[in-house]
Amino acid sequence: MKAIESKAESEAKARRDAGLTEDDVNRIGSLVMDVITQRHMAAVLDLAGELKKLEEMQARLKPEQQKDLAPQIEVMRKRVEETEKLVAVRKIHGDANVDLVLTREQDLMRNYQDMLRSFGGKAQ
């Protein structure tokens, strides 16, 4: 119990020293989770790789079949672009905030993967 109290006290002191409220810390946590979760899912799903495979398949089709597949590829291309550029997260949190989180992406991704492992999830 003392360890938990000590940790809570240390966190509260660090928050006060940084001039942050608990609400600020929660908003920062939400921002970080939104960015890192989307980056992790993009890596796991490999949407860019799937798009490339679809485009390669399209290139082997007859012209009329290529034309039929083109709208699906365009939708996929847009989805890849939006995912890579974090469009939805930027709408919620703002470009500057997302860009700031991305400066620490490697460390945050490592922490996220450690968290997944601790809960028995699969880290990528």
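None of these values were measured; they are calculated from a predicted model.
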> In terms of heavy-atom contacts, does CD of E56 have more than 12 from other residues, nucleotides or ligands at under 6.0 Å?
Replying inline: yes

> Roughly how far, to the nearest 0.5 Å, is CG of D34 from NE2 of H93?
Replying inline: 3.5 Å

> Is any side-chain heavy atom of Y112 less than 4.5 Å from a side-chain heavy atom of L116?
Replying inline: yes

>> What I'd like to find out is whether the side chain of R79 reaches to under 4.5 Å of the side chain of E82, using heavy atoms alone.
In response: no

> Is E11 salt-bridged to K7, going by a charged N under 4.0 Å from an acidic O?
Replying inline: yes

> Does atom CZ of R27 have more than 12 heavy-atom neighbours, drawn from other residues, nucleotides or ligands, at distances under 6.0 Å?
Replying inline: yes

>> For a quick test of reading the model, state the closest non-hydrogen atom pair linking D24 to L20 and the distance between them.
In response: OD2-CA, 3.5 Å

>> Nearest 0.5 angstrom please: D17 CG to S10 OG, how far?
In response: 10.5 Å

> What's the shortest heavy-atom distance between A59 and Q66, and which atoms?
Replying inline: O-NE2, 3.4 Å

>> Just so I know, are the side chains of E81 and V87 near enough to count as touching, which here means a heavy-atom distance under 4.5 Å?
In response: no

> Does any N or O in the side chain of T103 come within less than 3.5 Å of the main-chain N or O of L100, such that one atom is a donor and the other an acceptor?
Replying inline: yes

>> Measuring only between side-chain heavy atoms, which start at C-beta, is Q113 closer than 4.5 Å to H40?
In response: yes

> So do the side chains of T83 and Q38 get within less than 4.5 Å of each other, counting heavy atoms only?
Replying inline: yes

> If you group Ile, Leu, Val, Met, Phe, Trp and Tyr by side-chain heavy-atom gaps below 4.5 Å, do I92 and I28 land in one group?
Replying inline: no

> Shared ILVMFWY cluster between L31 and M41, side chains joined below 4.5 angstrom?
Replying inline: no

>> Could you report the tightest heavy-atom contact between Q58 and I73, atom names first, then the distance?
In response: OE1-CD1, 3.0 Å

> How far does CE of M115 sit from CZ of R110, to the nearest 0.5 angstrom?
Replying inline: 15.0 Å

> When you measure from the side chain of Q65 to the backbone N and O of K62, does any donor-acceptor pair fall under 3.5 Å?
Replying inline: yes

> Sub-3.5 Å donor-acceptor pair from the side chain of R77 to the main-chain atoms of L51, do we have one?
Replying inline: no

>> Checking K67 against E64 for the salt bridge (charged side-chain N to carboxylate O under 4.0 Å, His left out) test, could you report, in this order, the C-alpha distance in whole Å, the side-chain angles of both residues, the deciding distance, and whether it holds?
In response: CA-CA 5 Å; K67 186 178 175 185; E64 65 186 38; over 6 Å; no

> Is the closest side-chain heavy-atom distance between R39 and L86 below 4.5 Å?
Replying inline: yes

> So which heavy atom on L69 is nearest to which on M57, and how close?
Replying inline: CD2-CE, 3.6 Å

>> What I want to find out is whether R90 reaches D99 closely enough, with some N-O distance under 4.0 Å, to be called a salt bridge.
In response: yes

>> Test of understanding: clusters of I, L, V, M, F, W, Y form through side-chain heavy atoms closer than 4.5 Å, transitively. Do V101 and V25 belong to the same one?
In response: yes

>> Looking at every non-hydrogen atom in both residues, tell me the closest pair between A48 and V80 and how far apart they are.
In response: N-CG2, 4.0 Å

>> Let me check something: do M109 and F119 share a hydrophobic cluster, defined by ILVMFWY side-chain heavy atoms less than 4.5 Å apart, either directly or through other members?
In response: yes

>> When you group the ILVMFWY residues by side-chain heavy-atom contacts below 4.5 Å and let the links chain together, are V32 and L102 in the same group?
In response: yes

> In Å, rounded to the nearest 0.5 Å, how long is the span from CZ of R16 to OG1 of T21?
Replying inline: 13.0 Å

> So, are K2 and E5 salt-bridged, with charged N and O less than 4.0 Å apart?
Replying inline: no

